[in-house]
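Read the structure below first, then the notes.
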Amino acid sequence: MSTSSTPITPEINAYIQSLFSSEDAFLQQLNKEAEREGIPPISIAPEQTRLLQVLLRAIDARVVIEIGSLAGYSTIAMARALPNDGVLTALEMEPRHAAFIRKKVAEASLDTITVVEGAALDTLPGVISMLQERFNTSTPVDAVFIDADKPNYENYLAMVLPAVRKGGLIMGDNALGFGYIASDPPADELHNVQAMRSFNHTMSAHPQLLSTLIPQGDGITIGVVR
Ligand code: SAH
Ligand code: MG
């Protein structure tokens, strides 16, 4: 009998990955190509692809927004959990990343994904109102995956929340702050780790959300809209 938690050792993590990952040859190749093109290797962990897919299926998600898409690894993993009429809007600031994602999305022949290039603070309002008009409701969004610049997570949360339906999900990656969420971060990551602490706190205390933090990969804080 124990009321404490089992530490996730590398062996346990490998075990989880071996059973519960949706990373296939296509996504493996995508990461390799991205690295060759000099795109940083900071996609979500393989086991998080399955986690995102399980969550999206659990809520029967159709309309999803991703903020920060890098090489499209998480984008394509999520799109694969959506129905044929799903709508996944991927917001990405770096033109080089956006071009790479478009290429891989075409290779995967996924017409559910639309890549919107630009800083998310600028593009998000237009994307939200477009979805509201298209689906003729103020809350067309089923789920939002936030994985871009950490200091803006709380701004993204405030912007998207009014457009997410009851029972929809807000998910924020890197909730463990690159491992430093509960310890002293190196000086160059301090502002990002502080931003993640603040985001996690807001998620935990938000009256419109019921939230938790799942320690997979670098952690993902998830809130369901009440
Ligand atoms: N979700 C991806 C990883 C994203 S990495 C995956 O797991 O596969 C973070 C991405 O956010 C980078 O591609 C970066 O260019 C992008 N980004 C950073 N600031 C941004 C901003 N203000 N608006 C949109 N994208 C941004
Ligand atoms: Mg991340």
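Only a predicted model underlies this, so the values are computations on that prediction, with no experimental measurement involved. Whatever order the structure lists them in is the order used to number ligands and atoms, beginning at 1.
- Relative to the ring axis of Phe26, Lys104 places its NZ or CZ within 45° and under 6.0 Å from the centre.
- The N/O atoms of His97, backbone and side chain alike, include one that comes under 3.5 Å of an N/O atom in ligand 1.
- Salt bridge absent: Arg102 and Glu92 never bring a charged side-chain N and a carboxylate O closer than 4.0 Å.
- Under a 4.0 Å heavy-atom criterion, Glu66 is in contact with ligand 1.
- Using a non-hydrogen distance threshold of 4.0 Å, Ala77 does not register as a contact of ligand 1.
- Note that CD1 of Ile76 is 12.0 Å distant from OG1 of Thr49, once rounded to the nearest 0.5 Å.
- Using a 4.0 Å cut-off between heavy atoms, Ala71 makes no contact with ligand 1 at all.
- Considering both main-chain and side-chain atoms, Ala119 never comes within under 3.5 Å of ligand 1 through any nitrogen or oxygen pair.
- Contacts of Tyr156 with ligand 1, taken as heavy-atom pairs under 4.0 Å, involve the side chain alone.
- With sequence neighbours excluded, the residues that form a ring-ring contact (aromatic ring centres under 6.0 Å, His included) with Tyr153 are Phe199.
- The shortest N or O to N or O distance between Ile42 and ligand 1 is not under 3.5 Å.
- Under 4.0 Å from ligand 1, heavy atoms of Met93 appear from its side chain as well as its backbone.
- Backbone and side-chain nitrogen or oxygen atoms of Gly72 are examined, and none is located within less than 3.5 angstrom of a nitrogen or oxygen of ligand 1.
- Partners of Gln216 by side chain to side chain donor-acceptor pair (under 3.5 Å), not counting sequence neighbours: none found.
- The N, O or S atom of Asp173 lying closest to the Mg ion (ligand 2) is OD2.
- Checking only distances, Ala148 never comes within under 3.5 Å of ligand 1, N or O to N or O.
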